[in-house]
Amino acid sequence: MEHKNIWTKYNAAQVAEIMSYNDGYKAYISECKTERECVARAVQDAEAHGYLDLKEIIREGKTVKAGDKVYFNNMGKALVLFHVGTEELEKGMKILGAHIDSPRMDLKQNPLYEDTELAFLDTHYYGGIKKYQWVTLPLALHGVVVKKDGTTINLVIGESEDDPVVGITDLLPHLAGAQMDKKAGKVIEGEDLNLLIGSIPLEGEEKDAVKANILKWLKDTYDMEEEDFLSAEIEAVPAGRAKDYGVDRSMIIGYGQDDRVCAYTSYTALFEVENPDRTNVCLLVDKEEIGSQGATGMCSQFFENAVAELMNCMGTYSELKVRRAMQNSVMFSSDVSAAFDPIYPTVNEKKNAAYLNRGISFNKYTGLRGKSGSNDANPEFIARIRAALEKHQVSYQMTELGKVDEGGGGTIAKYMAVYNMEVIDSGVPVLSMHSPWEVVSKADVYEAKQGYVAFLKEM
Ligand code: MN
Ligand code: MN
């Protein structure tokens, strides 16, 4: 199979379009660093495109008809966008799914302590990380604190130019002899991922005066007490904006591109396609990085419930029809793939690796140790996808994560396959995946969006 670097296929106008689309994407990943921020942004963008809140429609007893656009917000951490088609819902939907949670460090529920006149916030990391990559970086805090009276404090510290940042310190090389002899997984221990957040003691305070000063700052700034951390969800993430990467500006470096690159490309593709035949759907879910459990993850029934609610608003609800709607659907379970890295060639089998600048990648299957735990897409389905992509001149590659028995992973695909729908893993190749600063190709980002448009138009 011949593969070309896809940059060679574009004319100047197309390159300009790719750069401009990626500017929008860069802004999105710079400003949306938690699942909640991703949902809030998608809702805002959806409303600007004419989407209405399905819950409001239900409350007001209104109806939904072909051509309408509605969204279902699940706890502010997962979202479904429906662009209702002219065909009956039971004929199935075309679903673009992606996850909006990313690896990070979450504050513990009792996080604040002082040691040797330094104040720290204790964390519990979320998702698969190489812990040694997360020290000595400027980190920002994003999240919510919900007080007993129900008021929610939305908090972002460390993103504005003049904002302070926090971070995790590391040993100097001069004293790191014993540390450097440890295995990489033990060099930095999970329990040592403690964020240094202050060092000035509160005047007149005898014990834990630095912590007391932080508490005073929290009270003055957010009107919060130490106990309010009990009902808070605060994530420590790399501080700062995504940037062009490479002197030719062909790539983007940014935090959380797994899997917000697929989220952004999916929902912007949804906005681009008008007059759908079958209902077009974009599904943005939480908790993928920790196994998709939980009410806002793909294992939750919220999507199925949202479909039932939508059908009810259209006056055609029945249990059987909901089942048919799910079973007759087709889905791109979009998640990033590891891009081949020539510095580490031994983990991949070259014929079947995903490469930067070869377009949207498809994994027929994922899993590990003999495809275990994987959805395995049907060739009949893949053939239709090939035809759709080629009709729209989308560049794509058919790939695997790594060498057989090298490792592996799972996605949300298998949880949707439960409904007996056709589903395949697709996405954008990423370098330094799951690191604080991941790298993608702008051309691949653009081809992914084009691939999603082709899927919605042709399948
Ligand atoms: Mn992912
Ligand atoms: Mn991941």
Side-chain angles (χ1 to χ4, degrees), residues 30 33 102-108 110-143 156-203 205-218 229 234-243 245-246 253-258 289 341-344 347 430-439:
S30 298
K33 294 191 177 179
S102 293
R104 60 188 190 243
M105 289 165 290
D106 289 339
L107 295 198
K108 291 186 179 180
N110 299 291
L112 184 60
Y113 71 98
E114 172 172 343
D115 193 347
T116 333
E117 291 170 77
L118 297 172
F120 294 91
L121 290 170
D122 207 339
T123 70
H124 195 139
Y125 65 94
Y126 174 97
I129 62 170
K130 287 171 151 181
K131 294 181 273 280
Y132 66 78
Q133 292 177 333
W134 292 74
V135 297
T136 71
L137 288 175
L139 299 173
L141 297 173
H142 291 233
V156 178
I157 305 166
E159 298 292 354
S160 300
E161 204 45 55
D162 55 348
D163 259 8
V165 294
V166 297
I168 299 164
T169 55
D170 193 7
L171 267 180
L172 64 170
H174 316 63
L175 295 178
Q179 183 195 37
M180 297 298 274
D181 284 339
K182 290 180 184 171
K183 284 192 165 181
K186 294 275 179 191
V187 166
I188 303 291
E189 302 269 5
E191 201 49 72
D192 293 336
L193 294 173
N194 306 324
L195 301 162
L196 177 58
I197 59 151
S199 64
I200 299 178
L202 182 67
E203 227 181 86
E205 203 72 24
E206 294 273 302
K207 192 174 171 289
D208 286 350
V210 175
K211 175 180 167 180
N213 199 43
I214 296 289
L215 287 172
K216 180 177 183 301
W217 179 83
L218 286 170
F229 278 118
I234 301 173
E235 309 178 8
V237 297
R241 297 182 72 83
K243 287 186 185 250
Y245 197 63
I253 185 165
Y255 164 68
Q257 302 203 68
D258 175 4
E289 295 294 356
D341 185 339
I343 301 176
Y344 304 99
V347 300
V430 176
L431 288 169
S432 304
M433 194 173 140
H434 275 220
S435 78
W437 295 100
E438 302 172 312
V439 174

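Please read these numbers as outputs of a predicted model, since none were measured by experiment. Just so you know, residue 1 is the first one in the sequence shown, and it goes up from there.
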Peer 1: With distance as the sole test, does Ser435 use its side chain to make a donor-acceptor pair with the main-chain N or O of Trp437 at under 3.5 Å?
Peer 2: yes
Peer 1: Can you confirm whether Leu121 sits close enough to Leu141 that some side-chain heavy atom of one is under 4.5 Å from a side-chain heavy atom of the other?
Peer 2: yes
Peer 1: Where the side chain of Glu438 meets the backbone of Asp258, is there a donor-acceptor pair that is under 3.5 Å apart?
Peer 2: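 Between the backbone of Asp258 and the side chain of Glu438 there is a qualifying donor-acceptor contact (under 3.5 Å).
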Peer 1: What do you reckon, is CD of Glu189 surrounded by more than 12 foreign heavy atoms closer than 6.0 Å?
Peer 2: yes
Peer 1: I need the minimum non-hydrogen distance between Ala236 and Leu195, along with the two atoms involved.
Peer 2: CB-CD1, 3.8 Å
Peer 1: Might you point out which heavy atoms bring Ile129 and Pro103 nearest each other, and give the distance in Å?
Peer 2: CG2-CB, 3.6 Å
Peer 1: Take a 6.0 Å sphere around OH of Tyr245 and say whether it holds more than 12 heavy atoms from other residues, nucleotides or ligands.
Peer 2: no
Peer 1: Using 0.5 Å steps for rounding, measure from the NZ atom of Lys211 to the CG atom of Leu218.
Peer 2: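 It comes to 11.0 Å.
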Peer 1: Return the CD1 to CD1 distance between Ile188 and Ile168, rounded to the nearest 0.5 Å.
Peer 2: 8.5 Å
Peer 1: Is it true that, when you exclude Ile200 itself, more than 12 heavy atoms of the residues, nucleotides or ligands shown sit nearer than 6.0 Å to its CD1?
Peer 2: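 Open: at most 12 neighbouring heavy atoms sit under 6.0 Å from CD1 of Ile200.
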Peer 1: Is there a donor-acceptor contact under 3.5 Å from the side chain of Glu114 to the main chain of Val210?
Peer 2: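 A pair under 3.5 Å: yes.
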Peer 1: Hey, does Leu202 have a side-chain heavy atom less than 4.5 Å from the side chain of Leu215?
Peer 2: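 Counting from C-beta outward, Leu215 and Leu202 never come under 4.5 Å.
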Peer 1: Out of curiosity, Asp115 CG to Leu196 CG, how far, rounded to the nearest 0.5 Å?
Peer 2: 11.0 Å
Peer 1: Does any non-hydrogen side-chain atom of Lys131 lie less than 4.5 Å from one of Tyr125?
Peer 2: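 Answer yes - side chains close enough.
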Peer 1: How close do Tyr255 and Ser102 get, counting heavy atoms only, and between which atoms?
Peer 2: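 Closest heavy-atom pair between Tyr255 and Ser102: OH-CB, 3.6 Å.
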Peer 1: Report, as yes or no, whether the 6.0 Å neighbourhood of atom NZ on Lys243 holds more than 12 heavy atoms from other residues, nucleotides or ligands.
Peer 2: no
Peer 1: Does any non-hydrogen side-chain atom of Glu289 lie less than 4.5 Å from one of His434?
Peer 2: yes
Peer 1: Between Glu191 and Lys108, is there a salt bridge with N-O shorter than 4.0 Å?
Peer 2: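 The answer is yes: the pair qualifies as a salt bridge.
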Peer 1: How long is the straight-line distance from CD1 of Ile253 back to CG of Leu431, given to the nearest 0.5 Å?
Peer 2: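 CD1 of Ile253 is found 10.0 Å from CG of Leu431.
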Peer 1: What pairs meet the side-chain hydrogen bond (donor to acceptor under 3.5 Å, both in side chains) rule with one or both residues in residues 165-188, with sequence neighbours excluded?
Peer 2: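 Sorted pair list: Asp170-Gln179.
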Peer 1: Within this structure, what is the CE-CD distance for the pair Met105 and Glu235, rounded to the nearest 0.5 Å?
Peer 2: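 It comes to 11.0 Å.
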Peer 1: Quick one: does Val166's side chain get under 4.5 Å of Ile157's, heavy atoms only?
Peer 2: no
Peer 1: Is there side-chain contact between Lys33 and Glu159, with at least one heavy-atom pair below 4.5 Å?
Peer 2: yes
Peer 1: Testing the basics here: between Gly158 and Val165, what is the closest heavy-atom pair and its distance to 0.1 Å?
Peer 2: O-CG1, 3.8 Å
Peer 1: Working to the nearest 0.5 Å, report the span between CG of Asn194 and CG of Leu107.
Peer 2: 11.0 Å
Peer 1: Do Val347 and Asp341 pass the side chain to side chain contact (heavy atoms under 4.5 Å, CB included) test, and can you show the C-alpha distance, the side-chain angles, and the key distance before you say yes or no?
Peer 2: CA-CA 9 Å; Val347 300; Asp341 185 339; over 6 Å; no
Peer 1: I want to check something: taking the side chain as every heavy atom from C-beta on, are Leu118 and Ser199 in contact at a cut-off of under 4.5 Å?
Peer 2: yes
Peer 1: At their closest point, which heavy atom of Gly254 faces which heavy atom of Ala242, and how far apart are they?
Peer 2: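 For Gly254 and Ala242, the tightest heavy-atom pair comes out as CA-CB, 3.9 Å.
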Peer 1: Who passes side-chain contact (heavy atoms from CB on, under 4.5 Å) against Pro436, sequence neighbours left out?
Peer 2: Gln133, Trp134, Leu137, Pro238
Peer 1: With a sphere of 6.0 Å drawn around CD of Glu205, does it hold more than 12 non-hydrogen atoms of other residues, nucleotides or ligands?
Peer 2: yes
